[in-house]
Amino acid sequence: MSGDAANGHAAGGGGPAGEGLEGQHALGVRCEGLSFWYDEGATRIAALRGVDLTLAPGASVALLGPTGSGKSTLLQLLRGLLAPDEGRVLIDGLAAGEDGYEERERRIGLVFQMPEMQLFAATCRDDVAFGPRQLGWSAAEVDDAVTSALAAVGLPADRFGARHPYSLSGGEQRRLALAGVLAMRPGLLLLDEPFVSLDPASRRDLEAILRGLRATGMGLVLATHDVDRAYGLCDARVVLDEGVVVDAGPWRFGAGGEDALLSHRLKLPFVVELWRRLGRAAAEAPPELAAAAEALA
Amino acid sequence: MSLIEIRGLRYRYAGADDDALHDLDLTVSEGEFVAVVGANGSGKSTLARLLGGLARPAGAARAAVCGHDLCDHEGHFAVRRDVGVLFQNPDNQLVGSTVEEDLAFGLENLALPSPEIARRVDEMLALYGLEALRTREPHLLSGGQRQRTALAGVLAVPRRVLVLDEPTAMLDPAGRDEVLAAVRREADHGLTVVFVTQEMDEVLMADRVVALASGRAVFDGAPAALFAERALLLSLSLGLPPAAEVGLALMERGVLAELTLTLDDLVAALQAGRP
């Protein structure tokens, strides 16, 4: 089954979270018949089977599905960390090996689960600079990228640049790890369960940062079990189950759209559930709690 | 009767400049369900480890858990028999090559007779809905099934206290519901539960909630009382369950008279307010 996940989100005025990161060329990605197997001794386990998917430039897409459905594998294939056993990934219409593909693939940023486990440098600035330095940028370019990235995640370089990453709080460490990816100026940002284990305030901070990045026109793919935040941040959803895309496209509720979530071990966003319980049209449930309260008042 | 009676508990990680737990007080009675919340780094997981005897406190005026002294070398080992701990990632605590082997592991360590181990394993498989999976390899199960297996393994050994450290963080919504239902059932059968969580709606399962900040308990009361303290919640990096967030916004607009904590409450309050 294939899906066209989302049209681009209209690029609005970048909030403070996205300042310095505007104007990056957003990447369009297409997966064609992607399959991938993990070797488990004698047996091979299919992680993805024939995934067709289109991510329009600047689209923000929630990647949903039960544990083990293939979300993390798909992110790693999109980033080129794994090579598909079948099928291919096209970036801006280019296939692997074609001129300009590598440069574009490098601009797909992946934030792993619990990325703060990979912080290693003695200062925040050095940690964020690691990626840009690998790209062979000049010292001035690296400096500029690091400063913008730190600002974008709310850890301004003048206050945090010289600090040791381990002196930061858990939420700050997660944001620092995000800055390390943003410093490479991605045109598409992939996030694997970015809210897991953060306290509520840190989740709110991270959500605001992602909202700001989206407003700069940066594409987002958010793999998460947090359906409420996914609904608030993303225009569209892709539902994976057992390695197959079972649903893709803009959120739709009412007329059976709920089944795409409920029959795959997922739940409905809180606001959608509330709208249903109140006998309101679920399709009109606003994506954010504040807007829901506004509508009810 | 108090199963946990702690006064002035201190703990510091090797090489750290500050105490992870600092002068912490906590009392939990037999059969109570207590949630523990707090910002990242406030000491929740450290507390869970100490309660389970997985580390020894730097000191305490009193640190009695199930009658064992946590500060005492023997006591902090002995408490492991009475207190079961379930962590966030089941893969770090599943040890068997099949589900039933995993459930038998703790019982075998107690050197119980084989028929008794077999009987107890069967009982736990049935209770946790794992019979059909008994010969399966744990790493091939879904996240929810793995965490249920880990929980059944922890509780196969009869425990007096269950400590949970963000047990649903890695799970999909259905898996989360399965694990919470299992915890709920154990609590309803009288097991004493200490539940560390970042999920504000999970706090509503508890009789009492303790909020930590910088290694100290700074709030101890009913969940509804914590969620009514808006300024305190913000200062502790906490939040509201979604129904309370919408409810609070509606209270501020004069639509609702009282804070609603659950979806059911919110729906009922809105429907009652309708002409």
Side-chain angles (χ1 to χ4, degrees), chain A residues 40 43 45 64-69 71 113-114 116 166-174 193 195-205 224-228 241-242 261-271 273-280 288-297, chain B residues 16-17 37-42 44-45 88-89 137 139-147 166 168-178 198-201 233-243 245-256 263-264 266-268 270-271 273-274:
Chain A
E40 282 280 348
T43 51
I45 295 171
L64 307 174
T67 45
S69 57
K71 301 188 295 295
Q113 245 184 73
M114 310 285 270
E116 59 278 10
Y166 295 167
S167 74
L168 305 184
S169 73
E172 288 167 345
Q173 288 184 6
R174 177 90 36 111
E193 292 289 1
F195 300 109
V196 157
S197 284
L198 293 183
D199 59 49
S202 301
R203 289 183 194 179
R204 290 191 292 269
D205 292 344
T224 186
H225 294 312
D226 188 336
V227 181
D228 287 333
D241 201 349
E242 297 191 346
L261 299 181
L262 296 177
S263 58
H264 298 284
R265 299 180 61 82
L266 300 168
K267 64 168 193 163
L268 298 177
F270 175 83
V271 181
E273 191 64 50
L274 176 60
W275 251 234
R276 279 160 52 108
R277 295 278 298 275
L278 291 172
R280 291 172 166 242
E288 287 160 54
L289 293 179
E294 193 67 46
L296 291 168
Chain B
D17 297 330
V37 297
N40 295 123
S42 61
K44 303 181 302 299
S45 294
Q88 184 180 103
N89 189 347
E137 295 173 52
H139 73 280
L140 297 180
L141 304 179
S142 76
Q145 289 167 341
R146 285 205 298 278
Q147 190 65 302
E166 295 191 54
T168 64
M170 318 276 283
L171 304 181
D172 56 48
R176 187 180 159 207
D177 287 348
E178 290 166 17
Q198 294 290 10
E199 306 300 329
M200 296 299 110
D201 46 0
L233 282 177
L234 286 175
S235 75
L236 296 177
S237 296
L238 300 175
L240 291 167
E245 207 168 319
V246 174
L248 181 70
L250 291 172
M251 273 174 78
E252 284 166 354
R253 288 172 172 81
V255 179
L256 294 182
L263 177 64
D264 286 347
L266 179 60
V267 169
L270 284 167
Q271 283 171 343
R274 248 178 227 173

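In the text below, chain A, chain B and the rest are named by the order of the sequence lines, each starting its count at 1.
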- [ ] Could you have a look at Gly65(A), Gly68(A), Pro66(A) and say which one has the most heavy-atom pairs with chain B under 4.5 angstrom?
- [x] Pro66(A)
Open item on the list: Is any side-chain heavy atom of Leu266(B) closer than 4.5 Å to one of Phe270(A)?
Closed with: yes
- [ ] Identify which of Leu274(A), Leu198(A), Leu266(A) forms the greatest number of heavy-atom pairs closer than 4.5 Å to chain B.
- [x] Leu198(A)
TODO: Sort out for me which of Gly143(B), Ser42(B), Ser237(B), Ala169(B) touches chain A most, counting heavy-atom pairs under 4.5 Å.
DONE: Ser237(B)
Open item on the list: Using the salt bridge (Lys or Arg N to Asp or Glu O under 4.0 Å) criterion, which residues pair with Arg146(B)? Sequence neighbours excluded.
Closed with: Asp91(B)
- [ ] Please flag which part of Leu140(B) lies under 4.5 Å from any non-hydrogen atom of chain A: side chain, backbone, both or neither.
- [x] side chain
- [ ] Sort Leu236(B) into side chain, backbone, both or neither according to what part of it lies under 4.5 angstrom from a heavy atom of chain A.
- [x] neither
TODO: Quick one: pull up CG in Asp177(B) and NZ in Lys267(A) and give me the separation to the nearest 0.5 Å.
DONE: 8.0 Å
Open item on the list: If I measure from the heavy atoms of chain A, does Gln147(B) come under 4.5 Å with its side chain, its backbone, both, or neither?
Closed with: neither
Open item on the list: Report which part of Glu252(B) has an atom under 4.5 Å of a heavy atom belonging to chain A: side chain, backbone, both, or neither.
Closed with: neither
- [ ] Heavy-atom distances under 4.5 Å only: say whether Met170(B) touches chain A with side chain, backbone, both or neither.
- [x] both
Open item on the list: The criterion is salt bridge (Lys or Arg N to Asp or Glu O under 4.0 Å); which residues satisfy it with Glu116(A), sequence neighbours excluded?
Closed with: Arg174(A)
Task: Side-chain donor-acceptor contact under 3.5 Å, Asp172(B) with Thr67(A) - done: yes
TODO: Could you tell me which non-hydrogen atom of Gly171(A) sits nearest to which non-hydrogen atom of Asn40(B), and how far apart they are?
DONE: N-OD1, 3.9 Å
Task: Between CG on residue Asp228(A) and CD on residue Glu245(B), distance to nearest 0.5 Å - done: 10.0 Å
Open item on the list: Are Val255(B) and Leu296(A) packed together at the side-chain level, in the sense that at least one heavy-atom pair is separated by less than 4.5 angstrom?
Closed with: no
- [ ] Locate the shortest heavy-atom distance separating Gln198(B) from Asp199(A); write the atom from each residue and the value.
- [x] OE1-CA, 3.3 Å
Open item on the list: If I measure from the heavy atoms of chain B, does Gln113(A) come under 4.5 Å with its side chain, its backbone, both, or neither?
Closed with: side chain
Open item on the list: Under a 4.5 Å cutoff for heavy-atom pairs, which residue among Glu273(A), Arg203(A), Arg204(A) has the most contacts with chain B?
Closed with: Arg203(A)
Open item on the list: Report which part of Asp264(B) has an atom under 4.5 Å of a heavy atom belonging to chain A: side chain, backbone, both, or neither.
Closed with: both
